[in-house]
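Below, read A as the first sequence line, B as the second, and so on, with proteins coming before strands; counting in each chain starts at 1. Because only heavy atoms are used, hydrogens play no part in the values below, and waters and symmetry mates are left out as well, while side chains stay in.
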Number of protein chains: 2
Amino acid sequence: MDTEHNAEERLLTAAIEVFCNRGYDGARTQEIADLAGISKASLHYYFRSKELLFRKAVQKVFSLIIGNVARRISEESSFEVVIRQLVEGYFEMFIHFRTQAVFFFTEMMKHEELLDEIVKGIDRSVLLNGLMLRFQKEREEGKIIDMEPVDLLVNIIAMCGYPILAEPLLKRVLTLSNDEYQTMLNRRKEMVVDFVLRAILKEKE
Amino acid sequence: MDTEHNAEERLLTAAIEVFCNRGYDGARTQEIADLAGISKASLHYYFRSKELLFRKAVQKVFSLIIGNVARRISEESSFEVVIRQLVEGYFEMFIHFRTQAVFFFTEMMKHEELLDEIVKGIDRSVLLNGLMLRFQKEREEGKIIDMEPVDLLVNIIAMCGYPILAEPLLKRVLTLSNDEYQTMLNRRKEMVVDFVLRAILKEKE
DNA sequence: GGTCAGTTTAACCAATTAGTCAAACCATAG
DNA sequence: CTATGGTTTGACTAATTGGTTAAACTGACC
């Protein structure tokens, strides 16, 4: 726990950690306060209620994650490079924000109205206008196979995210040790890029 | 709530529903008992504690899900057909058991020791020996590209499962209406099969 | 009918927990 | 110094909730 910043910031940071690890219902305001090194009464002074604190925490997590992705896919490089950057970007995002991502899947399932509020506030132009148009352009130029850009994007995100999100389960079902699983994850970055390019590029070398 | 079966079964069914919707911490034993139409005291009579009931519930859910997958991929058809069956099988599994699958990602992250116990009890021969060997065979015969069978399987599961698990989030980030999202999911079954086959088949038509 | 094991429940208990509040603690301006 | 505003907290409360218990109920078997 950092002890530098002011009380409000420290509480929010602590809240993110506790909510991500324990979920909304499992989180205790006392634990958040303790982690921040501040009394529980102060927590209510700043955020009024657990629910309000939760909202602020979710918003902050989401803006952190989103910022991280958008930064990487604004390039104007060759198509292959764009795919590679995209895969690497999502991969590292999911590794870095694994607990937060899992947290989103579950908590947001229960608090869907919060998602509306949050997604409304983000800038999707990079993703939707930048990236999707680029996919569309390649398609129209006949360089890639005829598929919906959105399907391609979802495929990429899925192949990057799923093995990280489902690690505890996959590891056991596939009977892989921690090391073996890590090896698999390491080779996936390159593998997914190749897999995607083979699936969509039209010219057969 | 079915009222046919005996108390124990009804409690377990109710527990699965409540745990999947609310998570372990969010679930109330009273709600489970009410849903089963049985007193909370009886719940403790049969299962001793919330924790024990939770374990039984998780085990039952898992065996339901697993059974559903294994049944579909035991075919000895052509490779293309195997891929298609696999994709359709996982797709329908994720749609049918969506809340349960999300539940697994979150709760099992917190109770990893439970996963060990559960996965130990299942039969992985169909998946690992049957399917993986088939992939391996095709690879050795030079029909498909040189890639690890496990990577291929993970890619398929990921592309089937992720869009369903992440629906609430994806729907909003991609600014798709419910109908549009449904349309996307519907075309994915065919699309993923094509995508995979293009990525792995060696001969260029 | 009587008994006995298994089942069911209303009433209760102890522990936990989100939220409150009045008093104390600053810092800064007058 | 003192007054004032924002800040901080220990002590408290009301409500919830998992779990217990003793008593009642049920049906099978003698």
Enquirer: Taking atom C1' of dT17(C) as reference, at what distance in whole Å does atom CG of L43(A) sit?
Expert: 13 Å

Enquirer: Taking ring-ring contact (aromatic ring centres under 6.0 Å, His included) as the definition, give me every residue that meets it alongside Y46(A), ordered by chain and number, with sequence neighbours left out.
Expert: none

Enquirer: For S39(A), check side chain to side chain contact (heavy atoms under 4.5 Å, CB included) against everything at least two apart and list the hits.
Expert: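 For S39(A), the residues satisfying side chain to side chain contact (heavy atoms under 4.5 Å, CB included) (neighbours in sequence not counted) are A41(A), S42(A).
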
Enquirer: Holding to ring-ring contact (aromatic ring centres under 6.0 Å, His included), I want the full list of residues that pass it with F94(B), two or more places apart in sequence or in another chain.
Expert: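 Once residues adjacent in sequence are excluded, F94(B) has no partner under the ring-ring contact (aromatic ring centres under 6.0 Å, His included) criterion.
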
Enquirer: For N178(B), which residues count as a side-chain hydrogen bond (donor to acceptor under 3.5 Å, both in side chains) partner, sequence neighbours excluded?
Expert: K171(B)

Enquirer: If only side-chain N and O atoms of Y45(B) are considered, is one of them under 4.0 Å from the OP1 or OP2 phosphate oxygen of dT7(C)?
Expert: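 Result: yes.
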
Enquirer: Side chain to side chain contact (heavy atoms under 4.5 Å, CB included) with M109(A): which residues, sequence neighbours excluded?
Expert: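 Only R98(B), V102(B), P168(B) meet the side chain to side chain contact (heavy atoms under 4.5 Å, CB included) criterion with M109(A).
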
Enquirer: Residues in side chain to side chain contact (heavy atoms under 4.5 Å, CB included) with T175(B), at least two apart?
Expert: R124(A), L128(A)

Enquirer: Within the structure, does a side-chain N or O atom of S39(B) lie under 4.0 Å from either OP1 or OP2 of dT8(C)?
Expert: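 No, no such contact exists.
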
Enquirer: How close or far is atom P of dT7(C) from atom CG of L11(B), stated in whole angstroms?
Expert: 13 Å

Enquirer: For every nucleotide of nucleotides 18-23 of chain C, 5' to 3': is a protein heavy atom under 4.0 Å from its base (B), only from its sugar-phosphate (S), or from neither (-)?
Expert: BBBB--

Enquirer: Side-chain contact test, heavy atoms from C-beta onward, threshold under 4.5 Å: evaluate it for N21(A) versus F103(A) and give yes or no.
Expert: no

Enquirer: Which is the 5'-most and which the 3'-most nucleotide of DNA chain D that has an atom under 4.0 Å from a heavy atom of chain B?
Expert: dT17(D) to dT21(D)

Enquirer: Side-chain N or O of Y46(B) versus OP1/OP2 of dG6(C): is the shortest distance under 4.0 Å?
Expert: no

Enquirer: Grab the CZ-P distance between R10(B) and dT7(C) for me, whole Å please.
Expert: 14 Å

Enquirer: What residues form a side chain to side chain contact (heavy atoms under 4.5 Å, CB included) with D116(B), not counting sequence neighbours?
Expert: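 With sequence neighbours excluded, D116(B) shows a side chain to side chain contact (heavy atoms under 4.5 Å, CB included) to R172(A), given in chain and number order.
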
Enquirer: Round to a whole Å and report the spacing from CG of D34(A) to P of dT16(C).
Expert: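 It is 15 Å, rounded to the nearest whole Å.
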
